[in-house]
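Structure first, then comments.
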Amino acid sequence: MQSKNTNTGTLKELRKHAPAVKSRELAEEIEKLIPGGVNSPFRSFEEVGGHTIFFDRADGAYLFDIDGNKYIDFLGAWGPAILGHSPKAVVEACKKVIELGPVFGSPHTLELEFARKITRAVPSIEMVRLVNSGTEAVMSAVRLARGFTGKEIIVMAEGGYHGHSDSVLASNGHRTSGGIPNATASNTVLVAFNDLESLRDCLSKHSNSVAAVLLEPVPGSMGVIPPAPGYLDGVRKLCDEFNCLFILDEVLTGFRLALGGAQELYGVKADLTCYGKGLGGGMPIGAFGGSEKIMRHLQPIGDVYQAGTFSGNPVTMAGGCAMLELLSAPAVYETLESRAAQLFSAIQVEIDRHEYPVQLPRVGSMIAIVFSSKPVRNFQDSKAIDSKRFAKFFHFLLERGVYLPPSSVDAACVSAAHSVDDIDEAVDIINRGLSFVFDRT
């Protein structure tokens, strides 16, 4: 569906938001107490400039800042807002359970219910272990792969992001980051995404030492990069040929692209799958799972250690069960596809009309507006993204009520809560933003 407003030259100037005075003041204060003023570097405005925005409420497709401004949100809390913010059923389920006790430190029935829902949704998962974040899920899956195979090397795609544990930071260009031992980094080997020949060469070179190949099926930290036709299936076959595990990091794609995630969408089966934020509808959550044969290597029945006091806590499980129940309705994914297609088809009209050097990669409701003259297929391609022009674009949108990730390379998200009118309004602002950064600079 095309936006109603595409002719930016004939429309009156958009109204800007009120100055974010309170946010600016608190941004200065918080930097004195919290490094960089953020508890996760992704939240920083370091790349785009300016100060971060403080929010005090999120509802459906919208964020509301402390200065009283409303934003159409395409950050989606970095992924979990598949249904929008604060789905009523999720909130009510969490409220009900927290009154009974937020954590028991012992098994409870909601853990069982949640595990049933995951294993029913994802055929490759026969057993699952619940954790508290995507980082924990990947870290634990990597350890399990090493314990199961008796090998140490992990192969990953250059430019991918798998959380902040030592073993996997190397994939995102952090091999020399402070605090990561060289010995740890040496057990991580990088290959180009979408390049089966590169992977084959790597596995041949390290044929007796590779525990697993770890990939995001759709990388979301260098734009949104769809896997080339046959790529994921080719990775699956190479892992079988060289006797190593195939780990899919579905922290972003899981339950967003389909109920069965990227594995359902692309018809591929992983040995281990990692999930995170998308499972919980806003609650802190993670999970990893696979075949019974592999998962039985975890303690207490195996020799691979993993633990967590808050893993599978009742409040998170209640929210997660409610979330997965809501996502089981086919209409959810029809809405996500419809809204994302509406957004990008209308923006593409403007890009084509003016021949802007902008790419619009999209897989389902994972989207990116990439300031590059050519499609991005891997990390090397992503280096050509124009981050300075994106920064101007970001602030034009921010000042007029559209919130994107403060990064030229990270995926944005459409939610099922976005209405047709929300998308039309966003298209108008985005198209004007493109005109602003290309036609007036």
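- If you take CD1 on Ile294 and CG on Leu245, they are separated by 4.5 Å, rounding to the nearest 0.5 Å.
- The aromatic ring centroids of Phe193 and Tyr231 lie less than 6.0 Å from each other.
- For the pair Arg129 and Phe288, the cation does not sit on the ring face, since its NZ or CZ is not both under 6.0 Å from the ring centre and inside 45° of the axis.
- The CD atom of Glu126 sits 6.5 Å away from atom CD of Glu292, with the distance rounded to the nearest 0.5 Å.
- Atoms CD1 and CG, on Ile423 and Asp428 in that order, are 13.0 Å from each other to the nearest 0.5 Å.
- Aromatic ring centres of Phe42 and Tyr161 lie closer together than 6.0 Å.
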**Request:** Evaluate the salt bridge (Lys or Arg N to Asp or Glu O under 4.0 Å) criterion for residues Glu337 and Arg362: first the C-alpha distance (whole Å), next the side-chain angles of each, then the deciding distance (0.1 Å), finally the verdict.
**Result:** CA-CA 10 Å; Glu337 175 61 26; Arg362 175 176 80 88; 3.0 Å; yes

**Request:** Assess whether side-chain hydrogen bond (donor to acceptor under 3.5 Å, both in side chains) is satisfied between Gln306 and Glu136, documenting all intermediate values.
**Result:** CA-CA 9 Å; Gln306 180 276 327; Glu136 281 189 49; 4.8 Å; no

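- Side-chain N/O atoms of Ser124 and Gln263 include a donor and acceptor closer than 3.5 Å.
- Of the N and O atoms on the side chains of Ser365 and Arg256, at least one donor lies less than 3.5 Å from an acceptor on the other residue.
- In this structure, CG on Leu404 lies 11.5 Å from CG on Asp410, to the nearest 0.5 angstrom.
- In this structure, Arg389 is not positioned above the aromatic face of Phe393 in the sense of NZ or CZ being under 6.0 Å from the six-membered ring centre and within 45° of the axis.
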**Request:** Apply the test side-chain hydrogen bond (donor to acceptor under 3.5 Å, both in side chains) to residues Asn313 and Thr316: give CA-CA distance (whole Å), side-chain angles for both, the deciding distance (0.1 Å), then the verdict.
**Result:** CA-CA 6 Å; Asn313 71 80; Thr316 296; 3.1 Å; yes

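- The closest donor-acceptor contact from the side chain of Gln348 to the backbone of Leu360 lies at 3.5 Å or more, if one exists at all.
- Listed for the Arg146 side chain is no donor-acceptor partner under 3.5 Å among the backbone atoms of Lys151.
- A salt bridge links Glu325 to Lys117: one of the charged nitrogens lies within less than 4.0 Å of a carboxylate oxygen.
- In this structure, Asp271 contributes its side chain and Phe246 its backbone to a donor-acceptor pair below 3.5 Å.
- Using modelled atom types, no side-chain atom of Ser338 and backbone atom of Glu334 make a donor-acceptor pair closer than 3.5 Å.
- A cation-pi contact, defined as under 6.0 Å to the ring centre and within 45° of the axis, is absent between Lys70 and Phe64.
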**Asked** What's the verdict on side-chain hydrogen bond (donor to acceptor under 3.5 Å, both in side chains) for Asp59 and His85, showing C-alpha distance, side-chain angles and the deciding distance?
**Response** CA-CA 5 Å; Asp59 181 32; His85 295 283; over 6 Å; no

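- Between atom CZ of residue Phe396 and atom CZ of residue Arg432 there is a gap of 7.0 Å, rounded to the nearest 0.5 Å.
- A 4.5 Å side-chain heavy-atom check between Ile153 and Thr188 finds every atom pair outside the cut-off.
- In this structure a side-chain-to-backbone donor-acceptor pair under 3.5 Å is present from His418 to Asp73.
- The backbone N or O of Gly312 sits less than 3.5 Å from a side-chain atom of His108, completing a donor-acceptor pair.
- Across all non-hydrogen atoms, the minimal contact from Ile347 to Asn431 is CA-OD1, 3.6 Å.
- Using a 4.0 Å cut-off between a side-chain N of Lys or Arg and a carboxylate O of Asp or Glu, Arg116 and Glu113 do not qualify as a salt bridge.
- Under 4.0 Å is where a charged nitrogen must lie from a carboxylate oxygen, and between Arg200 and Glu241 at least one such pair does.
- With respect to Arg296 and Asp303, no salt bridge is recorded, no charged nitrogen being found less than 4.0 Å from a carboxylate O.
- Distance alone, capped at 3.5 Å, is enough to place a donor-acceptor pair between the Gln342 side chain and the Val420 backbone.
- In this structure, Phe55 and Ile53 have side chains that are in contact, with non-hydrogen atoms separated by less than 4.5 Å.
- The shortest distance between side-chain heavy atoms of Val224 and Val370 does not fall below 4.5 Å.
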**Request:** Check step by step if side-chain hydrogen bond (donor to acceptor under 3.5 Å, both in side chains) holds for Ser408 and Glu47.
**Result:** CA-CA 8 Å; Ser408 63; Glu47 180 183 341; 2.6 Å; yes

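- Looking only at atom types and distance, the side chain of Asp422 has a donor-acceptor partner in the side chain of Ser419 under 3.5 Å away.
- With Thr253 contributing its side chain and Gly261 its backbone, the two residues share no donor-acceptor pair below 3.5 Å.
- Between Tyr403 and Tyr71, the angle of the ring planes goes over 60°, which puts this pair in the perpendicular group of the 30/60° scheme.
- Rounded to the nearest 0.5 angstrom, Ile72 CD1 and Ser415 OG are separated by 10.5 Å.
- Aromatic pair Phe45/Phe394: ring centres closer than 6.0 Å.
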